[in-house]
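Below is one structure, written out as structure tokens; the observations come after it.
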Amino acid sequence: MRSKCCLIKKMSAVFLAAAVCITAMPTSIKQAEAINPIVQDVYTADPAPMACSDGRLYVYTSHDEDETLNGFYTMNDWKCYSTSDMINWTDHGTVLSYHDFEWAKENSSWAGQVVERNGKFYFYVPINAKNGQTAIGVAVGDSPTGPFTDPLNEPLIGPAPNYIDPTVWVDDDGQAYMYWGNPDLFCVALNEDMISYDKEYPGSDKGIIKWELETSDYPDLESEECKNVQAQFGTGTRMDNGKLRRPTLYEEGPWFYKREGHYYLVYAANGIPERIDYSMADSPLGPWEYKGMIMDDNVNGQGSGSFTNHPGVVEYKGHSYLFYHTGKLHDGNGYHRSVAVDEIFYNEDGTIETIPFTSEGVEPVGTLNPYNRVEAETIEYSNSLKASDNDPLGKYGIEKEPCSNVTGGVNLCDISNEDYICIRNVDFGQYGAVKLTACTAADAAAGAVAGKIEVYLDSIDSEPVAEYEVKGGGDADTWVTNSVDVDKSVVKGLHDVYMLFTGNDESESLFKFDYWQFTQDEIPLPPVTPTTPPVAQPTPSVPAVTPAEPVVTTVKAPAKVKVTSSKAGKRSMTLKWKKVSGAKGYQVYYSTNKSLKKAVKKTTVKKTKITIKKLKKGKTYYAKVAAYVNDSNGKKLFGKKSAVVKVKVK
Ligand code: FUB
């Protein structure tokens with residue numbers, strides 16, 4: 001049995017982390033350790049994880065639109081994310097939408113699930129048919145990220161009332177089953193083609209096996225039939241106008257699977273707000289035995305922010321995970337949900353321990369290799385929370401869009417000054433990196449600098465280890481790949497990597513970012529131990545060539561900067577300083593922290609003047625300036641920083 005002590009430790013860490021968040025952390029900054037919600041730029045719900053034969057874990061989600069129509073779910077497509085380490089998630093964009101089903105109506109793309117079988121990927125979705133009734137459709141793809149197409153041109157099952165939330169499991173004997181439904185629970189045995197079902201299945205009604213789970217089905221709540229469903233799914237408590245609405249706890253969102261000989265049905269339970277409960281069985285069609293709660297709708301008096309929940313359970317790299325959703329993203333609620341993940345623990349008898357929803361999420365189960373091409377949309381966290389006018393930073397967040405580059409996939413876009421992304425557990429190895437290559441596109445003249453990608457290790461308040469200039473290619477869709485040298489003695493070992501995007505303060509779209517990749521230093525060959533004594537060589541008749549000495553040029557650091565004026569403006573400050581002879585440019589450091597040790601922002605200019613905008617009204621800022629030159633490796637060599645100047649912003 002998994003030790004309780006471990007769970008308690010995890011729970012205390014959660015509450016401690018939450019306490020730290022409340023007291024010390026601005027809403028726009030999240031600790032690198034906190035991964036929930038796992039997606040921060042769109043609202044995602046109804047997670048369906050799939051451990052794929054390619055070694056990655058994919059999570060398919062439904063998608064709550066930013067604009068909620070008629071105060072109800074507004075959902076038109078499904079998204080896909082993948083990971084190999086459980087902390088950095090690659091966004092694969094929208095992989096399916098109601099447009100892909102000719103018979104479907106808009107705005108009903110609810111909870112789906114993808115299952116891999118014989119090299120194909122089957123995407124089961126609930127969606128309204130044109131007559132407005134719910135139905136289950138299936139789309140098939142050759143890869144986990146699609147494209148998926150509807151092979152049937154009609155629903156797999158339905159339309160009929162309450163046909164939502166399909167979940168599919170292929171049993172060890174090859175028989176696949178699909179459960180679904182709210183408030184009744186249904187099941188069919190799928191045929192081997194995975195796109196039809198056995199209409200003659202023994203004991204079924206035209207192939208459908210049904211658990212009747214509405215109170216109206218049980219005029220006598222003491223009847224044997226009612227007691228039977230309560231033994232399977234718990235005794236219901238959901239009331240409606242003073243009357244019991246459900247005889248059992250089952251609500252919706254079933255997730256069906258088998259583990260170590262036990263069958264599980266995990267589902268949203270106990271009315272609104274929903275929690276997550278489960279039942280177990282010895283055979284795929286039950287009878288089920290109600291086992292209790294896995295996740296409450298409330299932790300320490302705090303609700304999850306969403307009145308629904310929806311489970312997705314998966315085993316990956318030796319761990320068991322529960323994916324679920326909350327309303328914890330900025331502006332979140334029951335129609336603006338976000339997918340989260342926590343580890344679940346099984347006891348020896350197969351029962352599951354109760355876990356809380358957390359903001360810290362799960363531990364990494366792998367590292368990220370920076371020497372492979374890494375999609376820019378592979379992110380643990382991005383600071384600009386949500387593309388929303390109500391963003392606490394008062395600006396639009398980083399967005400993603402289908403990439404126009406030959407590499408395909410998606411890219412980051414709508415990047416504005418000081419947006420950043422964090423990629424965790426990046427392993428640069430013992431020899432370190434010598435170069436950073438990035439692929440970007442900017443709507444700027446060819447060669448013109450459109451912005452910068454500053455790279456920091458472990459903290460955004462440290463010194464940057466790379467400053468990559470993003471150059472225009474002539475138009476917004478010309479992709480440019482460039483490299484910048486990095487110091488292998490610094491960029492080595494295991495780090496969290498922050499990429500801070502800087503540029504024109506006014507721009508909401510500095511550049512687009514497709515991918516990045518570091519180049520590793522040459523790995524020294526192991527010394528060869530000679531097995532036989534070396535044979536004596538004849539003396540060369542030509543004089544030996546003396547190996548060329550590396551050219552060493554001594555570059556002197558520039559002189560200390562002298563700030564000549566500092567003026568406050570409306571939410572801005574202007575600094576001027578004396579030109580330093582030989583300087584290539586100047587770095588300005590500023591913060592509201594007097595010692596300029598915490599929350600220091602940096603910006604680079606070529607001129608001897610800067611106006612820093614979007615500062616906090618009425619706050620006192622401290623600033624200093626350093627000149628720099630490029631050393632023989634092209635790296636910035638800074639001179640001494642100026643004395644600190646103080647400006648109270650209007
Ligand atoms: O996302 C729409 C519906 O909300 C799902 O189908 C249910 O499971 C609940 O999460």
Side-chain angles (χ1 to χ4, degrees), residues 37 39 42-49 59-79 94 96-98 104-114 123-129 132-137 155 157-168 178-186 213 233 238 246 249-256 265-278 294-295 297 303-313 322-329 332-341 357:
V39 178
V42 289
Y43 297 113
T44 54
D46 305 322
V59 175
Y60 301 85
T61 75
S62 56
H63 168 212
D64 287 332
E65 297 287 345
D66 285 1
E67 195 185 342
T68 303
L69 304 175
N70 305 319
F72 195 58
Y73 298 110
T74 309
M75 305 167 75
N76 288 312
D77 51 23
W78 292 269
K79 303 210 166 258
T94 296
L96 188 69
S97 102
Y98 74 90
K105 213 169 172 280
E106 79 286 356
N107 191 12
S108 57
S109 306
W110 288 14
Q113 184 184 345
V114 176
F123 205 147
Y124 300 89
V125 293
I127 192 158
N128 287 358
Q133 259 190 352
T134 51
I136 311 289
I157 191 155
N162 306 320
Y163 274 19
I164 63 166
D165 297 355
T167 174
V168 172
M178 180 173 78
Y179 275 87
W180 75 96
N182 165 353
D184 292 321
L185 179 66
F186 306 90
L213 300 178
F233 303 111
R238 181 172 180 178
R246 305 262 195 272
L249 290 162
Y250 176 86
E251 280 287 328
E252 57 181 353
W255 186 266
F256 174 53
L265 204 62
V266 179
Y267 43 87
N270 198 33
I272 302 290
E274 291 174 344
R275 65 184 197 207
I276 294 176
D277 285 10
Y278 75 112
I294 299 177
M295 177 175 279
D297 58 274
S304 76
S306 161
F307 61 85
T308 61
N309 204 342
H310 188 108
V313 181
L322 171 69
F323 284 82
Y324 56 96
H325 64 227
T326 67
K328 294 284 184 195
L329 194 60
N333 55 46
Y335 300 120
H336 281 162
R337 299 162 292 175
S338 289
V339 166
V341 61
F357 51 82

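Counting convention: from 1, in listed order, for ligands and their atoms alike. Keep in mind that the numbers below use all heavy atoms, side chains included, and drop hydrogens, waters and symmetry copies. On a predicted model such as this, the values are computed, not experimentally measured, just so you know.
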> Parallel, tilted or perpendicular for Tyr324 and Phe357, by the 30°/60° rule?
Replying inline: tilted
> In terms of the angle between their ring planes, are Tyr73 and Phe307 parallel, tilted or perpendicular, with boundaries placed at 30° and 60°?
Replying inline: tilted
Give the residue and atom name of whichever protein heavy atom lies nearest to [atom], and the separation in Å to one decimal.
atom: atom 3 (C) of ligand 1; answer: Trp110 CE3, 3.8 Å
atom: atom 4 (O) of ligand 1; answer: Arg337 NH1, 3.2 Å
atom: atom 9 (C) of ligand 1; answer: Glu252 OE2, 3.5 Å
atom: atom 1 (O) of ligand 1; answer: Asp46 OD2, 2.5 Å
atom: atom 6 (O) of ligand 1; answer: Asp165 OD1, 2.5 Å

>> Exactly one of Ile127, Thr44, Val114 should register a side-chain contact (heavy atoms from CB on, under 4.5 Å) with Trp78. Which one does?
In response: Ile127
> For ligand 1, is His325 a contact, meaning one of its heavy atoms is under 4.0 Å away?
Replying inline: yes
> Checking ring pair (Phe, Tyr, Trp, His ring centres under 6.0 Å) against Trp180, which of Phe186, Tyr124, Trp110 comes through?
Replying inline: Phe186
> Taking the side chain from His336 and the backbone from Asp66, do they hold a donor-acceptor pair closer than 3.5 Å?
Replying inline: yes
>> Check whether Ser306 reaches the backbone of Thr326 with its side chain - one donor and one acceptor, N or O, closer than 3.5 Å.
In response: no
>> Please report whether ligand 1 has a polar contact with Ser62, defined as an N or O pair separated by less than 3.5 Å (distance criterion only).
In response: no
> Just one of Thr167, Asp165, Asp46 clears the side chain to side chain donor-acceptor pair (under 3.5 Å) bar with Gln113, so which one?
Replying inline: Thr167
> In terms of atom number and element, which parts of ligand 1 are under 4.0 angstrom from non-hydrogen atoms of Ala111?
Replying inline: 6 (O)
> Can you tell which part of Ala45 has a heavy atom less than 4.0 Å from ligand 1: side chain, backbone, both or neither?
Replying inline: neither
